[in-house]
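Report on one structure; see the data block that follows.
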Amino acid sequence: MGNDILVLAEHLNGKVSDISFEMIGKAKELAQKFGGKAIAILMGSGVKSLAESLGADSVLYVDDPALAQFNPEAYSRALAAVIKDRAPRVVMIGNTSMGMDVGAWLSVSTELPLIAYVNGLAIEGSTLVATSQIYGGKIQAEAIPNGESCLVSCLAGAFPVGAGLAPALVPAQSVEQIASPVPLNDLKVKFIKLIEPEKGDVDITQQPILVSIGRGIGGQENIELAQELASALGCAVSSSRPITDAGWLPKTRQVGKSGLTVKPKIYLALGISGAPEHLEGMRGAELIIAVNTDAKAPIFDVAHYGATCDMLDLIPALTEKIKG
């Protein structure tokens with residue numbers, strides 16, 4: 001076993017996801033303490049330029065036609081072979097739809113323990129300590145892997161993006177391009193096509209300010225209050241999943257793991273508890289203001305400012321104040 005940290009870089013439609021850069025930055029910090037290197041692994045076909053955008057100590061680019069689109073079986077097979085060959089200290093994957101698809105498979109095939117929902121990684125002595133956010137963010141649980149090597153799946157927004165970005169293109173000698181280490185011509189899972197959601201009336205990912213509502217809104221009739229506030233601010237209304245599941249707003253307004261990732265200058269979270277799935281979609285906001293009557297709601301762990309008053313009393317008063 002070595003002391004390197006291996007990071008699976010995610011990409012879609014020619015763009016590397018932010019969580020990949022977040023994990024690479026943390027991997028560099030951990031690798032330095034372990035005395036190893038942060039190695040990013042990117043899988044695809046004909047996308048070497050994406051590998052060159054990663055700010056890891058070195059990048060391994062696995063090029064194969066079967067990896068042109070995300071296929072959990074192909075990714076898991078190839079990555080498991082790399083892990084067995086390189087024997088890294090830690091393998092970091094995103095706690096995303098992609099990461100969840102490959103995480104369990106990798107844990108079984110490599111016989112390495114998997115620690116999920118990780119939002120903190122530290123080294124105590126020579127031991128990795130992972131902090132996981134569980135039970136809707138109400139509990140922070142520390143875990144130590146059984147053995148020296150492990151897999152960790154990290155929540156989006158847990159670590160800063162900047163340290164994982166390459167300041168310039170990675171020198172060519174830092175990107176090692178290889179073919180898949182295992183055959184991928186007998187896959188049982190086949191990629192058919194990528195179905196993307198229809199565009200909504202408002203693209204919440206482009207809004208500088210968002211008024212976001214959760215269960216605390218009470219009923220559908222109260223959404224008009226949030227819309228009036230948004231109109232006064234010149235912005236749009238977004239929501240957590242329960243609101244769109246109820247059909248009160250379209251899915252294109254949903255923020256979170258199963259919705260959209262937003263990074264507005266101001267994110268006003270009204271009546272949102274702050275489940276990990278929602279936090280994953282809005283942690284990158286420059287300023288987070290939360291309103292929730294539950295003082296222990298997880299949303300306050302990420303908010304810059306917060307209030308525990310009744311949002312249904314606050315919204316009309318705030319709207320009137322802004323109009324004035």
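We use all heavy atoms of the structure for the numbers below, so side chains are in, but hydrogens, waters and symmetry mates are not. As the structure is a prediction and not an experimental result, all values here were calculated from the model.
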Reported [atom1]-to-[atom2] distance for the pair [X] and [Y], which is rounded to 0.5 angstrom:
X	Y	atom1	atom2	result
Leu260	Ile204	CG	CD1	4.5 Å
Lys193	Gln69	NZ	CD	13.0 Å
Leu54	Leu60	CG	CG	11.0 Å
Ser58	Ile39	OG	CD1	4.0 Å
Leu233	Lys323	CG	NZ	11.0 Å
Ile83	Leu151	CD1	CG	5.5 Å

Between [X] and [Y], does at least one N-O distance fall below 4.0 Å, as a salt bridge requires?
X	Y	result
Glu277	Arg283	no
Glu29	Lys26	yes
Lys251	Asp245	yes

Tell me if a side-chain donor or acceptor on [X] pairs with a main-chain N or O of [Y] at a distance below 3.5 Å.
X	Y	result
Asp4	Gly36	no
Ser76	Glu73	no
Tyr61	Gly46	yes
Ser132	Ala116	yes
Lys28	Gly55	yes
Arg253	Val237	yes
Thr319	Ile315	yes
His278	Val255	yes
Ser153	Gly94	no
Asn292	Ile272	yes

Would you name the heavy atoms of [X] and [Y] that are closest together and state the gap between them?
X	Y	answer
Leu229	Leu268	CD2-CD2, 3.7 Å
Ile93	Gly99	CD1-O, 3.6 Å
Ala27	Met92	CB-SD, 3.8 Å
Cys235	Val211	SG-CG2, 3.8 Å
Ala303	Ala290	CB-CB, 3.8 Å
Ala156	Glu280	CB-CG, 3.1 Å

Flag yes if more than 12 heavy atoms outside [X] fall under 6.0 Å of its [atom1] atom; otherwise flag no.
X	atom1	value
Glu320	CD	no
Lys190	NZ	yes
Asp313	CG	yes

Can you run down the salt bridge (charged side-chain N to carboxylate O under 4.0 Å, His left out) pairs that involve residues 221-240, sequence neighbours left out, and say none if there aren't any?
none

Is the shortest heavy-atom distance from the side chain of [X] to the side chain of [Y] under 4.5 Å?
X	Y	answer
Leu194	Asn13	yes
Val91	Val152	no
Ser238	Tyr267	yes
Val175	Lys48	yes
Leu112	Ser149	yes
Leu279	Asp301	no
Met43	Glu10	no
Val118	Asn95	no

Do [X] and [Y] share a hydrophobic cluster, counting only Ile, Leu, Val, Met, Phe, Trp and Tyr and linking them when any side-chain heavy atoms are less than 4.5 Å apart?
X	Y	result
Val59	Ile178	no
Ile41	Met100	no
Leu79	Met23	no
Leu114	Ile134	no
Phe34	Val129	no

Determine which pairs satisfy side chain to side chain donor-acceptor pair (under 3.5 Å) with at least one residue from residues 179-189, sequence neighbours left out, and list them in order.
Arg77-Asp186

Stepwise side-chain contact (heavy atoms from CB on, under 4.5 Å) check, Met282 with Leu210
CA-CA 10 Å; Met282 46 67 73; Leu210 282 173; over 6 Å; no

Leu128 and Ile144: CA distance, side-chain angles, deciding distance, side-chain contact (heavy atoms from CB on, under 4.5 Å) verdict:
CA-CA 6 Å; Leu128 179 75; Ile144 296 174; over 6 Å; no

Aromatic ring proximity, centroids under 6.0 angstrom, Phe70 and Tyr75:
yes

Using the side-chain contact (heavy atoms from CB on, under 4.5 Å) rule, take Val82 and Leu6 through it: C-alpha gap first, then chi angles, then the decisive distance, then the call.
CA-CA 10 Å; Val82 171; Leu6 189 67; 4.3 Å; yes

Check which hydrophobic residues are tied to Leu155 through side-chain heavy-atom contacts below 4.5 Å, counting indirect links as well, and list them.
Tyr117

Worked verdict on Met311 versus Ile217 for side-chain contact (heavy atoms from CB on, under 4.5 Å):
CA-CA 8 Å; Met311 60 179 285; Ile217 196 69; 3.5 Å; yes

